[in-house]
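Every value quoted in this text rests on a predicted model; they were computed, and no experiment measured them.
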Amino acid sequence: MSSRLSVIFYIILCLEIGIVLTVLPWVPHGWLGLSDWSNNYFLLLAAHKAGYGVQRFVASGWVRGAVSGIGILNLGMGIWELINFRQTVRALDSEQRSVESSRQKSPERVTANDAQPAKADPLSDYPRRNH
């Protein structure tokens with residue numbers, strides 16, 4: 001059940017972020033109470049600290065297109081997960097079963113390093129102490 005909810009929340013998150021990142025850079029000033037993409041508090045604060053070229057850079061079409069491209073990728077991931085929902089849930093469930101089965105006590109394995117006790121050399125940092 002938790003794997004299904006996890007996949008559902010992941011799909012909702014991908015679709016929501018995808019829609020926001022695809023549409024928000026191109027929203028005109030004042031539409032639905034939103035301000036212009038290049039006119040927000042955090043961008044103005046960064047521009048004040050780093051120089052006002054930052055604001056012009058973020059307002060350029062290249063950056064808006066890149067952000068919209070990331071939004072389209074998020075939409076694609078959400079749609080892909082929606083199409084492959086059952087397969088993803090099965091993969092998550094099978095991973096949980098392997099974790100549960102590993103809780104059984106398995107015989108201890110002895111490696112070559114475990115068979116010999118570690119010996120520390122007390123004089124390994126002796127040359128550094130004299131400086």
Side-chain angles (χ1 to χ4, degrees):
M1 182 66 175
S2 67
S3 59
R4 285 185 182 179
L5 286 175
S6 297
V7 174
I8 289 171
F9 286 136
Y10 180 72
I11 291 170
I12 291 171
L13 182 70
C14 284
L15 293 176
E16 182 180 358
I17 289 174
I19 290 170
V20 168
L21 288 179
T22 303
V23 174
L24 190 64
W26 305 104
V27 170
H29 181 71
W31 187 69
L32 292 176
L34 297 172
S35 67
D36 189 32
W37 170 256
S38 61
N39 187 19
N40 63 56
Y41 174 75
F42 297 111
L43 181 59
L44 290 174
L45 184 66
H48 181 68
K49 300 259 185 199
Y52 288 96
V54 174
Q55 192 172 7
R56 278 185 271 139
F57 174 73
V58 171
S60 72
W62 292 95
V63 174
R64 289 179 183 205
V67 171
S68 292
I70 292 171
I72 290 171
L73 284 175
N74 273 303
L75 284 172
M77 287 184 342
I79 292 169
W80 187 87
E81 286 292 336
L82 191 61
I83 292 170
N84 297 312
F85 178 77
R86 289 184 181 168
Q87 181 182 359
T88 307
V89 170
R90 260 187 257 124
L92 287 174
D93 284 341
S94 67
E95 188 175 304
Q96 288 177 354
R97 285 190 198 108
S98 66
V99 171
E100 290 174 1
S101 65
S102 68
R103 289 183 184 167
Q104 298 173 356
K105 189 171 183 173
S106 60
E108 293 184 26
R109 297 179 186 168
V110 178
T111 61
N113 291 336
D114 292 338
Q116 301 171 357
K119 294 181 182 178
D121 184 15
L123 300 176
S124 62
D125 60 342
Y126 180 72
R128 286 184 274 155
R129 290 183 188 169
N130 289 335
H131 294 288

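The minimum heavy-atom distance between A50 and V54, with the atom names listed, is CB-CG2, 3.9 Å. Contact between T22 and I72 at its shortest, heavy atoms only, is OG1-N, 3.4 Å. Across every non-hydrogen atom of S3 and L92, the tightest pair is CB-CB, 3.8 Å. Considering all non-hydrogen atoms of both residues, Q55 and A47 come closest at CB-CB, 4.3 Å. Summarising the geometry of W26 relative to S68, their closest heavy-atom pair is NE1-OG, 2.7 Å, with the distance given to 0.1 Å.
Within 6.0 Å of CZ in F57 there are 12 or fewer heavy atoms belonging to other residues, nucleotides or ligands.
In this structure, the separation between CG on L21 and CD on E16 is 10.5 Å, given to the nearest 0.5 Å. Distance CH2/W80 to CD1/I11: 10.0 Å, rounded to 0.5 Å. Note that the OG atom of S2 and the CG atom of D93 stand 7.5 Å from one another [nearest 0.5 Å]. With rounding to the nearest 0.5 angstrom, the CZ atom of R64 is 9.5 Å from the CG atom of L24.
Each of I19, V20, L13 was scored for a side-chain contact (heavy atoms from CB on, under 4.5 Å) with I17, with one residue passing: L13.
Follow the hydrophobic side-chain contacts under 4.5 Å out from V67 and you reach L43 in the same cluster. The hydrophobic cluster containing W62 does not contain V27, counting ILVMFWY residues as joined when their side-chain heavy atoms lie under 4.5 angstrom apart, directly or transitively. Grouping the Ile, Leu, Val, Met, Phe, Trp and Tyr side chains by contacts below 4.5 angstrom, directly or via other members, places L15 with I8. No single ILVMFWY cluster, assembled from side-chain heavy atoms under 4.5 Å apart, contains both M77 and F9.
By the 4.5 Å heavy-atom criterion applied to side chains, V7 and R4 are not counted as neighbours. The closest side-chain heavy-atom distance from T88 to Y10 is not below 4.5 Å.
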